[in-house]
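Data first, discussion second: the structure below is written as structure tokens.
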Amino acid sequence: MQKFPMTAEGLAKLEEELKVLKAEERPAVIRAIAEARAHGDLSENAEYHAAREKQSFIEGRIAELETIIPAAEVIDVSKLSGDQVKFGARVTVVDEETEEEKTYRIVGAYEADMKVNSISISSPLAKALIGKKVGDSVEVPAPGGARAYEITNVAFR
């Protein structure tokens, strides 16, 4: 079985999502399907078709989470330190062209979320940063052309 690196927080989020899907979402959609069925003709019943589609999504996500969670390899980031970029690091970079500063956390593929600046270990930026130190510059391929970043900080908090 393939193992997936993940932080403890990332695993907890996935476990919570699975719990909510099984305990709340699944029963709610089953009730919605039963209610829509009670309205009669299913061929033109938009509520029924929407509920079935939602059920399909929920069941698919449950199956996906039940595959990912047992294969998670939790890495305790609190025990990591040093000045070299590795999994779990919070890396501050400055775009050498725009001087814009951003901090990213390098996490597992299934917990990456750009809304909170968590990037997947398999993303082009993370791949370029891994193994580098403060002061190093990296070049990252991007759709609009390569971007250059300078690493200004590495932290494991």
Side-chain angles (χ1 to χ4, degrees), residues 1-93 100-132 138 140-143 147 149 151-157:
M1 179 189 329
Q2 183 184 359
K3 291 287 190 182
F4 304 106
M6 192 171 293
T7 63
E9 303 90 48
L11 180 60
K13 277 184 183 175
L14 293 181
E15 288 172 337
E16 179 61 24
E17 180 184 354
L18 181 60
K19 188 174 120 186
V20 168
L21 286 171
K22 284 181 163 183
E24 297 171 22
E25 300 284 330
R26 182 189 264 167
V29 80
I30 290 170
R31 283 191 301 275
I33 290 170
E35 192 176 302
R37 269 196 181 135
H39 293 172
D41 185 9
L42 298 181
S43 64
E44 295 182 20
N45 188 330
E47 289 174 10
Y48 174 77
H49 292 289
R52 291 288 300 184
E53 194 171 302
K54 186 173 182 179
Q55 181 186 36
S56 176
F57 171 79
I58 290 170
E59 293 302 327
R61 184 64 178 157
I62 287 172
E64 181 182 28
L65 290 172
E66 287 178 337
T67 301
I68 295 166
I69 291 171
E73 183 178 334
V74 176
I75 296 172
D76 188 354
V77 179
S78 68
K79 293 181 180 169
L80 300 177
S81 63
D83 60 353
Q84 197 170 21
V85 178
K86 53 191 157 208
F87 182 88
R90 290 184 196 277
V91 185
T92 303
V93 295
E100 182 181 359
E101 183 179 87
K102 282 214 169 182
T103 300
Y104 298 101
R105 183 168 189 209
I106 300 174
V107 297
Y110 294 105
E111 59 183 317
D113 183 355
M114 278 307 294
K115 289 180 246 149
V116 293
N117 289 338
S118 292
I119 60 172
S120 168
I121 186 110
S122 58
S123 70
L125 178 57
K127 285 181 179 179
L129 292 170
I130 296 292
K132 302 293 190 278
V138 296
V140 182
R147 309 283 303 192
Y149 298 96
I151 301 170
T152 60
N153 189 38
V154 177
F156 295 93
R157 51 173 163 62

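Residue indices begin at 1 and follow the sequence shown.
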Spacing of [atom1] belonging to [X] relative to [atom2] belonging to [Y], to within rounding of 0.5 Å:
| X | Y | atom1 | atom2 | result |
| --- | --- | --- | --- | --- |
| E17 | I62 | CD | CD1 | 9.5 Å |
| I33 | Q55 | CD1 | CD | 3.5 Å |
| R61 | L21 | CZ | CG | 7.5 Å |
| R90 | I106 | CZ | CD1 | 11.5 Å |
| E24 | I58 | CD | CD1 | 11.0 Å |
| Q84 | I151 | CD | CD1 | 9.5 Å |

For [X] against [Y], the heavy-atom pair lying closest together:
| X | Y | result |
| --- | --- | --- |
| V85 | L129 | CB-O, 3.2 Å |
| A72 | K3 | O-NZ, 4.4 Å |
| A128 | V140 | CB-CG2, 3.8 Å |
| A112 | I119 | CB-C, 4.0 Å |
| I121 | F87 | CD1-CD1, 3.7 Å |
| S122 | A109 | OG-CB, 4.5 Å |

Would you mind checking if E9 and R105 are paired as a salt bridge, meaning a charged N to carboxylate O distance below 4.0 Å? yes
Are any of the side-chain nitrogens in E59 or R26 under 4.0 Å away from the carboxylate oxygens of its partner? yes
What do you reckon, is NZ of K86 surrounded by more than 12 foreign heavy atoms closer than 6.0 Å?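 Atom NZ in K86 is crowded, with more than 12 foreign heavy atoms closer than 6.0 Å.
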Other residues, nucleotides and ligands only: do more than 12 of their heavy atoms fall within 6.0 Å of CD on E53? no
Within the distance-only criterion (no hydrogens, no angle test), does the side chain of [X] pair as donor or acceptor with the backbone N or O of [Y] below 3.5 angstrom?
| X | Y | answer |
| --- | --- | --- |
| E111 | T7 | yes |
| T92 | T152 | no |
| E73 | P5 | no |

State, yes or no, whether a side-chain contact exists between M6 and I68 at a heavy-atom distance under 4.5 Å. yes
Heavy-atom distance under 4.5 Å between the side chains of E100 and Y149, does that happen here?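 Contact flag for E100/Y149 side chains = no.
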Under the salt bridge (Lys or Arg N to Asp or Glu O under 4.0 Å) test, which residues partner E35, sequence neighbours left out? none
Should E16 and K19 be marked as a salt bridge (Lys or Arg N to Asp or Glu O under 4.0 Å) after you check the CA-CA gap, both sets of side-chain angles, and the distance that decides it? CA-CA 5 Å; E16 179 61 24; K19 188 174 120 186; 3.8 Å; yes
